[in-house]
Amino acid sequence: MNMKLASLALILAACASPAPGAAVSPVVARPDPVVHVHAAGEAAFFANAYLVETEHGVVAVDAPFTVSEAKRFRAELDALKKPLLAVLVTHAHPDHVNGITALVEGRPEKAPIYALPGVQRTLREIDGPKRAYWTPIYKDEYPSRTTFPDTEVKDGQTITVDGVGFTAHDVGAGESADETVWTMEKDAFVGDLVMNHVHPWLAEGRSGAWIASLAAARPVLAKATKVYPGHGAVGDASALEWQKSYLEAYRAAVAEVAKGKASLDEAQKKALETRMKAFLPGAPLEALIAMGADPVAAELSHP
Ligand SMILES: [Zn+2]
């Protein structure tokens, strides 16, 4: 070995070895988050809530409607034996918010509950009327109090929890007054922007805005490998296209049977039901078809 090679060998050896006494910390990749799906039963409108298990904790996305379904969701959290680090709310409907009370009650840690300003505002507005409507029907199964989000998140803001980034995207009105898509790395929690192959809630008469919010979500979900919907099976970004096709079919059916009128009579509602059941045979939440009829007819008669 000549002198030049010998000194090169020494330099390489020096680079490869830590200085005497230096601490060596190996780089260990953190494990991918694991998403646990809680799919509620019929009494809780088949709504989904999610527990995202990170290395050291859990992030909840929404929480179920009824007291007993919320207790089951809480038991699933307890079974993970990790602290609840955050709760993310997708939108302001009770079938996605009611169970937060049971989820956080009595836990030693206090997890922040995140929502967009528009979601927080809507929730404050509708909480009383929804409670007044549903409590006589659900009695003890309707939670006696609502736990409201306490931490505002802005459109485009990322919160990092246990090393995992969650970004809120405000995609506007749709199934509710304000829809959030929460992205987590390549996955997305889309709330009721997608009610995947179930009959959707159109009673707020915003089918046109809903189609626009699906378009707003498209670039956000362009690289999404998994899309976690508010109801129905976990899918991919094609679920947005399916949801749009349902809404377009529903609007076309209402337009045809209502003939420009702002409301439908019982026979027309039956005709609408027949059309939409044919579009989506055997799907859950058939009762919602007729509930959306007049609001969407009114929407179409005053575009
Ligand atoms: Zn829902």
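Values below: every heavy atom of this structure, side chains too, minus hydrogens, waters and symmetry copies. Just follow the structure's listing: the first ligand is 1, and inside any ligand the first atom is 1.
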In this structure, are over 12 heavy atoms from other groups packed under 6.0 Å from Lys226 atom NZ?
no
Those residues at least two apart in sequence (or on a different chain) that pass salt bridge (Lys or Arg N to Asp or Glu O under 4.0 Å) with Lys154 are Glu152
Are Asp162 and Arg30 within salt-bridge range, i.e. N to O under 4.0 Å?
no
Parallel, tilted or perpendicular for Phe45 and Phe65, by the 30°/60° rule?
perpendicular
More than 12 heavy atoms of other residues, nucleotides or ligands under 6.0 Å from CD of Glu109: is that the case?
yes
In terms of the angle between their ring planes, are Trp134 and Tyr138 parallel, tilted or perpendicular, with boundaries placed at 30° and 60°?
perpendicular
Please list, in chain and residue-number order, the protein N/O/S atoms closer than 2.8 Å to the Zn ion (ligand 1).
Asp95 OD2, His96 NE2, Asp192 OD2, His231 NE2
